[in-house]
Amino acid sequence: MERGADEAMVEVRVALTFAELEEARECWRAANVARGKVPGRERAERVREKLADPEALVLVAVEGGRVVGMVLAEVGRAADGAGPVVPELCHVSMVFVRPQRWGTGVGAALLGALKERAAGLGYVRLQLWTGAANERALALYRRVGFRASGRRREISGVGQVVHLVCSGG
(Lines give C-alpha, C1' and ligand atoms only; values in the text may rest on other atoms or scores of the structure.)
Protein backbone atom coordinates (compact mmCIF):
# COMPACT_ATOMS: atom_id res chain seq x y z
CA MET A 1 0.00 0.00 0.00
CA GLU A 2 1.15 3.52 -0.77
CA ARG A 3 -0.06 6.62 1.00
CA GLY A 4 -0.97 9.48 -1.37
CA ALA A 5 -0.70 13.19 -0.63
CA ASP A 6 -4.30 13.25 0.60
CA GLU A 7 -3.61 10.32 2.94
CA ALA A 8 -5.84 7.89 0.98
CA MET A 9 -4.42 4.41 0.59
CA VAL A 10 -3.93 2.86 -2.83
CA GLU A 11 -2.78 -0.63 -3.65
CA VAL A 12 -0.52 -0.89 -6.69
CA ARG A 13 -0.46 -4.28 -8.38
CA VAL A 14 -0.02 -5.98 -11.73
CA ALA A 15 -3.26 -5.94 -13.70
CA LEU A 16 -4.24 -9.56 -14.19
CA THR A 17 -7.91 -9.59 -15.10
CA PHE A 18 -9.82 -8.40 -18.14
CA ALA A 19 -11.89 -6.17 -15.84
CA GLU A 20 -8.76 -4.47 -14.47
CA LEU A 21 -7.43 -3.91 -17.98
CA GLU A 22 -10.75 -2.38 -19.02
CA GLU A 23 -10.72 -0.12 -15.96
CA ALA A 24 -7.16 0.88 -16.84
CA ARG A 25 -8.36 1.82 -20.32
CA GLU A 26 -11.18 3.83 -18.74
CA CYS A 27 -8.59 5.74 -16.65
CA TRP A 28 -6.75 6.53 -19.88
CA ARG A 29 -9.96 7.74 -21.53
CA ALA A 30 -11.14 9.81 -18.55
CA ALA A 31 -7.77 11.55 -18.19
CA ASN A 32 -7.64 12.39 -21.89
CA VAL A 33 -11.21 13.73 -21.87
CA ALA A 34 -10.41 15.88 -18.83
CA ARG A 35 -7.42 17.32 -20.73
CA GLY A 36 -9.68 18.14 -23.70
CA LYS A 37 -8.26 15.36 -25.87
CA VAL A 38 -11.25 13.11 -26.54
CA PRO A 39 -9.84 9.90 -28.03
CA GLY A 40 -11.32 8.46 -31.19
CA ARG A 41 -12.45 4.87 -31.67
CA GLU A 42 -9.27 3.84 -33.52
CA ARG A 43 -7.00 5.18 -30.75
CA ALA A 44 -9.15 3.51 -28.08
CA GLU A 45 -8.80 0.16 -29.85
CA ARG A 46 -5.03 0.62 -30.12
CA VAL A 47 -4.83 1.27 -26.38
CA ARG A 48 -6.96 -1.83 -25.70
CA GLU A 49 -4.50 -3.89 -27.79
CA LYS A 50 -1.47 -2.45 -25.98
CA LEU A 51 -3.01 -3.20 -22.59
CA ALA A 52 -3.81 -6.77 -23.64
CA ASP A 53 -0.32 -7.44 -25.04
CA PRO A 54 1.14 -10.29 -22.95
CA GLU A 55 4.59 -8.67 -23.22
CA ALA A 56 3.35 -5.42 -21.64
CA LEU A 57 3.71 -4.71 -17.94
CA VAL A 58 0.50 -3.06 -16.72
CA LEU A 59 0.24 -1.89 -13.13
CA VAL A 60 -2.93 -0.47 -11.64
CA ALA A 61 -3.57 1.63 -8.56
CA VAL A 62 -6.67 0.36 -6.78
CA GLU A 63 -8.63 2.22 -4.15
CA GLY A 64 -11.88 0.96 -2.69
CA GLY A 65 -12.01 -1.82 -5.28
CA ARG A 66 -11.78 0.66 -8.18
CA VAL A 67 -8.84 1.28 -10.51
CA VAL A 68 -7.84 4.93 -10.06
CA GLY A 69 -4.61 4.90 -12.07
CA MET A 70 -2.54 2.86 -14.48
CA VAL A 71 0.91 2.60 -15.99
CA LEU A 72 1.92 0.55 -19.02
CA ALA A 73 5.55 -0.29 -19.73
CA GLU A 74 7.23 -2.41 -22.34
CA VAL A 75 10.68 -3.45 -23.40
CA GLY A 76 12.62 -0.55 -24.84
CA ARG A 77 13.81 -0.54 -28.43
CA ALA A 78 16.54 1.38 -30.22
CA ALA A 79 15.71 4.02 -32.82
CA ASP A 80 12.72 5.35 -30.86
CA GLY A 81 10.93 2.02 -30.93
CA ALA A 82 11.73 1.07 -34.52
CA GLY A 83 14.96 -0.80 -33.81
CA PRO A 84 16.02 -3.91 -31.96
CA VAL A 85 15.20 -4.60 -28.33
CA VAL A 86 17.49 -2.94 -25.78
CA PRO A 87 17.30 -5.53 -22.96
CA GLU A 88 18.18 -3.17 -20.09
CA LEU A 89 15.74 -0.44 -21.21
CA CYS A 90 12.12 -0.21 -20.01
CA HIS A 91 9.90 2.10 -22.05
CA VAL A 92 7.02 3.72 -20.15
CA SER A 93 4.23 4.02 -22.71
CA MET A 94 1.37 5.33 -20.58
CA VAL A 95 0.75 6.82 -17.15
CA PHE A 96 -2.81 7.90 -16.42
CA VAL A 97 -4.73 8.72 -13.26
CA ARG A 98 -8.44 9.42 -12.95
CA PRO A 99 -8.87 13.22 -12.92
CA GLN A 100 -10.52 13.19 -9.46
CA ARG A 101 -7.25 11.74 -8.09
CA TRP A 102 -4.79 14.11 -9.84
CA GLY A 103 -2.29 15.57 -7.41
CA THR A 104 -2.91 12.99 -4.67
CA GLY A 105 0.17 10.78 -5.06
CA VAL A 106 -1.39 8.04 -7.20
CA GLY A 107 0.93 8.73 -10.16
CA ALA A 108 4.00 8.72 -7.91
CA ALA A 109 2.88 5.45 -6.30
CA LEU A 110 2.44 3.86 -9.74
CA LEU A 111 5.84 5.01 -10.99
CA GLY A 112 7.58 3.98 -7.77
CA ALA A 113 6.10 0.50 -8.05
CA LEU A 114 7.04 0.35 -11.73
CA LYS A 115 10.65 1.30 -11.00
CA GLU A 116 10.85 -1.42 -8.36
CA ARG A 117 9.24 -4.05 -10.61
CA ALA A 118 11.38 -3.04 -13.61
CA ALA A 119 14.57 -3.38 -11.54
CA GLY A 120 13.46 -6.85 -10.48
CA LEU A 121 13.04 -7.76 -14.15
CA GLY A 122 16.59 -6.64 -14.95
CA TYR A 123 15.93 -3.19 -16.39
CA VAL A 124 18.52 -0.58 -15.42
CA ARG A 125 16.99 2.41 -17.22
CA LEU A 126 13.49 3.69 -17.82
CA GLN A 127 12.48 6.16 -20.50
CA LEU A 128 9.36 7.96 -21.66
CA TRP A 129 8.16 10.75 -23.91
CA THR A 130 5.67 13.34 -22.71
CA GLY A 131 4.18 16.58 -23.96
CA ALA A 132 6.55 19.51 -23.55
CA ALA A 133 3.62 21.64 -22.35
CA ASN A 134 2.21 19.04 -19.93
CA GLU A 135 3.47 20.69 -16.74
CA ARG A 136 1.53 18.35 -14.43
CA ALA A 137 3.16 15.26 -15.98
CA LEU A 138 6.61 16.87 -16.12
CA ALA A 139 6.43 17.77 -12.41
CA LEU A 140 5.39 14.20 -11.52
CA TYR A 141 8.19 12.64 -13.56
CA ARG A 142 10.81 14.97 -12.04
CA ARG A 143 9.50 14.20 -8.55
CA VAL A 144 10.08 10.46 -9.02
CA GLY A 145 13.56 10.83 -10.54
CA PHE A 146 13.15 11.28 -14.30
CA ARG A 147 15.36 13.86 -15.98
CA ALA A 148 15.27 15.40 -19.46
CA SER A 149 17.68 13.70 -21.86
CA GLY A 150 17.82 16.81 -24.04
CA ARG A 151 15.92 15.15 -26.88
CA ARG A 152 12.73 16.69 -28.27
CA ARG A 153 10.63 16.02 -31.30
CA GLU A 154 7.42 17.07 -32.94
CA ILE A 155 4.63 14.50 -33.31
CA SER A 156 1.86 15.22 -35.75
CA GLY A 157 -1.42 15.78 -33.92
CA VAL A 158 0.36 15.81 -30.54
CA GLY A 159 2.87 18.64 -30.71
CA GLN A 160 6.28 18.98 -29.10
CA VAL A 161 7.33 16.08 -26.84
CA VAL A 162 10.36 15.68 -24.59
CA HIS A 163 12.33 12.55 -23.76
CA LEU A 164 12.90 11.73 -20.07
CA VAL A 165 15.12 9.05 -18.53
CA CYS A 166 15.57 7.52 -15.10
CA SER A 167 17.79 4.84 -13.61
CA GLY A 168 15.85 1.73 -12.52
CA GLY A 169 15.11 0.67 -8.96
Side-chain angles (χ1 to χ4, degrees), residues 1-6 8-77 80-82 85-123 125-131 134 136-137 140-141 144 146 155 157-158 161 164 166 168-169:
M1 295 285 212
E2 297 289 333
R3 193 170 292 282
D6 68 354
M9 296 293 287
V10 296
E11 174 191 1
V12 177
R13 64 181 184 233
V14 173
L16 296 175
T17 68
F18 177 77
E20 286 177 329
L21 293 173
E22 281 299 299
E23 281 193 68
R25 191 173 67 87
E26 177 52 30
C27 283
W28 163 82
R29 191 195 69 70
N32 276 291
V33 168
R35 291 176 37 226
K37 299 183 176 201
V38 179
R41 169 176 265 132
E42 189 174 301
R43 180 70 180 135
E45 281 306 311
R46 178 70 181 121
V47 167
R48 179 178 273 130
E49 289 171 12
K50 286 183 77 71
L51 288 167
D53 182 346
E55 298 295 316
L57 173 57
V58 181
L59 301 180
V60 290
V62 179
E63 179 180 64
R66 181 174 186 225
V67 173
V68 296
M70 59 80 73
V71 60
L72 182 145
E74 52 201 329
V75 65
R77 293 182 170 276
D80 291 330
V85 167
V86 179
E88 70 278 359
L89 180 63
C90 179
H91 178 74
V92 182
S93 294
M94 295 182 218
V95 180
F96 289 97
V97 174
R98 289 191 186 277
Q100 313 86 297
R101 300 293 283 126
W102 287 352
T104 65
V106 173
L110 282 162
L111 289 165
L114 175 63
K115 287 171 67 174
E116 195 174 296
R117 182 102 179 161
L121 294 171
Y123 293 111
R125 291 182 300 133
L126 289 88
Q127 71 170 10
L128 59 84
W129 289 90
T130 194
N134 191 342
R136 179 182 300 278
L140 166 64
Y141 297 138
V144 298
F146 281 86
I155 297 179
V158 174
V161 294
L164 305 174
C166 181

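All values below were derived from every heavy atom in this structure, side-chain atoms included, with hydrogens, water molecules and symmetry-related copies excluded.
In this structure, the side chains of Cys27 and Val67 come closer than 4.5 Å at one or more pairs of heavy atoms. Residues Leu126 and Leu114 meet the side-chain proximity criterion, which asks for heavy atoms closer than 4.5 Å. In this structure the side chain of Val14 reaches within 4.5 angstrom of the side chain of Leu57, judged on heavy atoms. For the pair Met94 and Val47, the minimum side-chain heavy-atom distance is below 4.5 Å. With contacts defined as side-chain heavy-atom distances shorter than 4.5 Å, the pair Lys115/Tyr123 does not qualify.
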* Which is it for Asp80 and Trp129 under the side-chain contact (heavy atoms from CB on, under 4.5 Å) test, yes or no, and what are the steps along the way? -> CA-CA 10 Å; Asp80 291 330; Trp129 289 90; 3.6 Å; yes
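Checked against side chain to side chain donor-acceptor pair (under 3.5 Å), Asn134 has no partners two or more places apart in sequence or in another chain. Legend: residues meeting side chain to side chain donor-acceptor pair (under 3.5 Å) with Glu20, ordered by chain and number and at least two apart, are Arg13. Judged as a side-chain contact (heavy atoms from CB on, under 4.5 Å), and not counting sequence neighbours, the contacts of Leu128 are Val92, Thr130, Tyr141, Phe146, Leu164. With sequence neighbours excluded, the residues that form a side chain to side chain donor-acceptor pair (under 3.5 Å) with Arg29 are Glu26.
A salt bridge (Lys or Arg N to Asp or Glu O under 4.0 Å) check over residues 86-95, counting only residues at least two apart or in different chains, returns the pairs Glu88-Arg125. Residue pairs meeting the salt bridge (Lys or Arg N to Asp or Glu O under 4.0 Å) criterion with at least one partner in residues 47-60, sequence neighbours excluded, are Glu22-Arg48, Glu45-Arg48, Arg46-Glu49, Lys50-Glu74.
Environment of CD in Gln100: crowded, with over 12 heavy atoms of neighbouring residues, nucleotides or ligands closer than 6.0 Å.
Closest approach of Arg101 and Val10 over heavy atoms only: NH2-CG1, 3.9 Å. Residues Leu140 and Gly107 share a closest heavy-atom pair of CD1-C, 3.8 Å. In terms of heavy atoms, Val97 sits closest to Trp102 at O-NE1, 2.8 Å. The nearest pair of heavy atoms linking Ala24 to Met70 is O-CG, 3.5 Å. Shown here for Leu110 and Ala61, the closest heavy-atom pair between the two residues is CD2-N, 3.7 Å. Of all heavy-atom pairs spanning Ala52 and Leu21, the tightest one is CA-CD1, 4.5 Å.
In this structure, CG in Leu72 is found 10.0 Å from CZ in Phe96, a value given to the nearest 0.5 Å. Between the CH2 atom in Trp28 and the CZ atom in Arg98 there is a gap of 13.0 Å [rounded to 0.5 Å]. Between the CG atom in Leu111 and the CD atom in Glu116 there is a gap of 12.5 Å [rounded to 0.5 Å].
Panel note: side chain Arg66, backbone Glu23; no donor-acceptor pair is recorded below 3.5 Å.
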